[in-house]
Amino acid sequence: MPELPEVETVKRTLKEKLPGLTICGVNIYLPKIIQTPSPEEFCHLVVDKRILDVGRRGKYLLISLSRGLMLVVHLRMTGRLVYTATDEPRSKHTHLIFHLNNGHQLRFTDMRQFGRFWLVPAKEFKTVSGLKDLGVEPLSGEFTIDFFKKELKKRRTRLKTLLLDQTFISGLGNIYVDEALHRAGLHPSRQANTLTPGEVEALFQTIREVLEEGIASRGTSVRDYVDGTGQAGTFQEKLRVYGKSGRPCMRCGKTIERLRLGGRSAYFCPGCQK
DNA sequence: AGTCAAACCTGGGCGC
DNA sequence: TGCGCCCAGGTTTGAC
């Protein structure tokens, strides 16, 4: 499910609910989702801790707890983290419930069981796998056109593969990469170091644009995604190529195609993406 | 360095 | 109704 705009929306919605609340109990129904420490230790450590803040880095949610602890969550494909009333019936895919001291709960639900939790000392949160090697935040000031130009020049891989690489830019996923490439008029198989300065600038702009519009639409709910209050997003209504093979391109009218690249689908328009 | 496939899972959609 | 296939917002690992 979630790419940067979805995780950012979950972060914002949970940040309105959780800070100030105390975790007074935990139920773990699927122990393997706890990466570290052991499920027993996880329960022991998390209980009676206060939630201080909710943050995001790439596609990771960072929940700061009292006593210097950090709860790190990755939703992977179908994970949901939702602030829920206690009387709500539990779904068959709810794998973890935090009980909060205001009578509400924070539930983790994940049909495909790929999502993961880590509980670590806040100072050591970079020990979480993948987190320490994350690339730049595309909506932050450290993502600059100069950086982007220099990096693209160094890489010989395909654009689609490169933009999905979380150690290069953090937070992009399959949907927003395809949408950014289409808006920039660039083919997903294009070799990164062959872009003209104008093409690099266009891509730089469209990456930020699709992410910002995605956040403004509260995420893309093509299937399972909901925010921290259980609400779906609307960016699926604005998609131009993702999931649209066989349909006409809204810019040039040619039929949108699907390509297989490194095990992932790439949707693109053969007419206007060069 | 880059490319690919497989693994982790459940479920929806399609053709037959 | 059912079977067999392919597909799915991600990441990791290991082979070439």
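Below, read A as the first sequence line, B as the second, and so on, with proteins coming before strands; counting in each chain starts at 1. From a predicted model like this one, the values you see are computed outputs, not experimental measurements.
- A gap of 13 Å separates the P atoms of B:dA5 and C:dC6, to the nearest Å.
- Taking atom NZ of residue A:Lys132 and atom C1' of nucleotide C:dT12, one finds them 14 Å apart after rounding to whole Å.
- Taking atom CG of residue A:Leu172 and atom C1' of nucleotide C:dT11, one finds them 15 Å apart after rounding to whole Å.
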side-chain contact (heavy atoms from CB on, under 4.5 Å) between A:Lys149 and A:Glu201, intermediate numbers included: CA-CA 8 Å; A:Lys149 272 189 178 145; A:Glu201 277 162 38; 3.0 Å; yes
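- For the pair A:Glu137 and A:Ser170, the minimum side-chain heavy-atom distance is below 4.5 Å.
- Rounded to an integer number of Å, the gap from A:Asp224 CG to B:dT10 C1' is 10 Å.
- Counting heavy atoms from C-beta on, the side chains of A:Phe168 and A:Phe148 come closer than 4.5 Å.
- Put simply, the residue from A:Lys160, A:Arg264, A:Arg183 that forms a salt bridge (charged side-chain N to carboxylate O under 4.0 Å, His left out) with A:Asp178 is A:Lys160.
- Distance from the side chain of A:His93 is smallest for B:dT10 among the nucleotides C:dC7, B:dT10, C:dG10.
- Among the heavy atoms of the strands lying under 4.0 Å from A:Tyr267 are primed sugar atoms or P, OP1, OP2 only; no base atom is included.
- Here the P atom of nucleotide C:dG10 and the OH atom of A:Tyr225 are 14 Å apart, to the nearest Å.
- Residue A:Arg158 places at least one side-chain N or O closer than 4.0 Å to OP1 or OP2 of B:dC4.
- Checked by atom type and distance alone, the side chain of A:Glu199 pairs as donor or acceptor with a backbone atom of A:Thr196 at under 3.5 Å.
- For the pair A:Asn193 CG and B:dG2 C1', the computed distance is 12 Å after rounding to whole Å.
- Proximity of a side-chain donor or acceptor of A:Arg190 to a complementary backbone N or O of A:Lys274 within less than 3.5 Å is detected.
- For C:dG10, neither phosphate oxygen OP1 nor OP2 lies less than 4.0 angstrom from any side-chain nitrogen or oxygen of A:Tyr176.
- Proximity note for A:Arg258 (side chain, C-beta onward) versus B:dG11, C:dG10, C:dA8: the nearest is C:dA8.
- Taking atom CG of residue A:Leu259 and atom P of nucleotide C:dC7, one finds them 13 Å apart after rounding to whole Å.
- As the counterpart of B:dC9, no nucleotide is assigned, since no Watson-Crick or G-U wobble pattern has both distances under 3.5 Å.
- Using a distance-only test at 3.5 Å, with no hydrogens or angles considered, a donor-acceptor pair links the side chain of A:Ser221 to the main chain of A:Gly233.
- Of the candidates B:dT3, B:dG11, C:dT11, B:dT3 carries the atom nearest the A:Thr157 side chain, counting heavy atoms from C-beta on.
- Taking the C1' atoms as reference points, B:dA1 lies 22 Å from C:dG10, given to the whole Å.
- At distances below 3.5 Å, not a single donor-acceptor pair connects side-chain atoms of A:Ser217 with backbone N or O atoms of A:Gly214.
- At whole-Å resolution of the value, NZ in A:Lys59 and C1' in C:dT11 are 9 Å apart.
- Taking atom P in both C:dT13 and B:dC9, the straight-line distance is 15 Å, to the nearest Å.
- The side chain of A:His74 contributes no N or O atom lying less than 4.0 Å from OP1 or OP2 of C:dG10.
- The side chain of A:Lys160 contributes no N or O atom lying less than 4.0 Å from OP1 or OP2 of B:dG2.
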Enumerate all atom pairs, one protein N or O and one N or O from nucleotides 6-9 of chain B, separated by less than 3.5 Å.
unit_1: B:dC9; atom_1: OP1; unit_2: A:Lys32; atom_2: NZ; d: 2.5
unit_1: B:dC9; atom_1: O5'; unit_2: A:Lys32; atom_2: NZ; d: 3.2
unit_1: B:dC9; atom_1: O2; unit_2: A:Arg112; atom_2: NE; d: 2.8
unit_1: B:dC9; atom_1: N3; unit_2: A:Arg112; atom_2: NH2; d: 3.3

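- At the heavy-atom level, A:Gly130 lies under 4.0 Å from the strands shown only through sugar-phosphate atoms.
- Distances shown here put a side-chain N or O of A:Ser265 below 4.0 Å from the OP1 or OP2 atom of C:dA8.
- No more than 12 heavy-atom neighbours from other residues, nucleotides or ligands sit within 6.0 angstrom of CZ on A:Arg67.
- In terms of phosphate contacts, A:Ser129 brings a side-chain nitrogen or oxygen within less than 4.0 Å of OP1 or OP2 of C:dT12.
- Out of C:dT12, C:dG10, B:dG2, the shortest distance to the side chain of A:Arg155 is found at B:dG2.
- Rounded to an integer number of Å, the gap from CG of A:Leu134 to C1' of C:dG10 is 13 Å.
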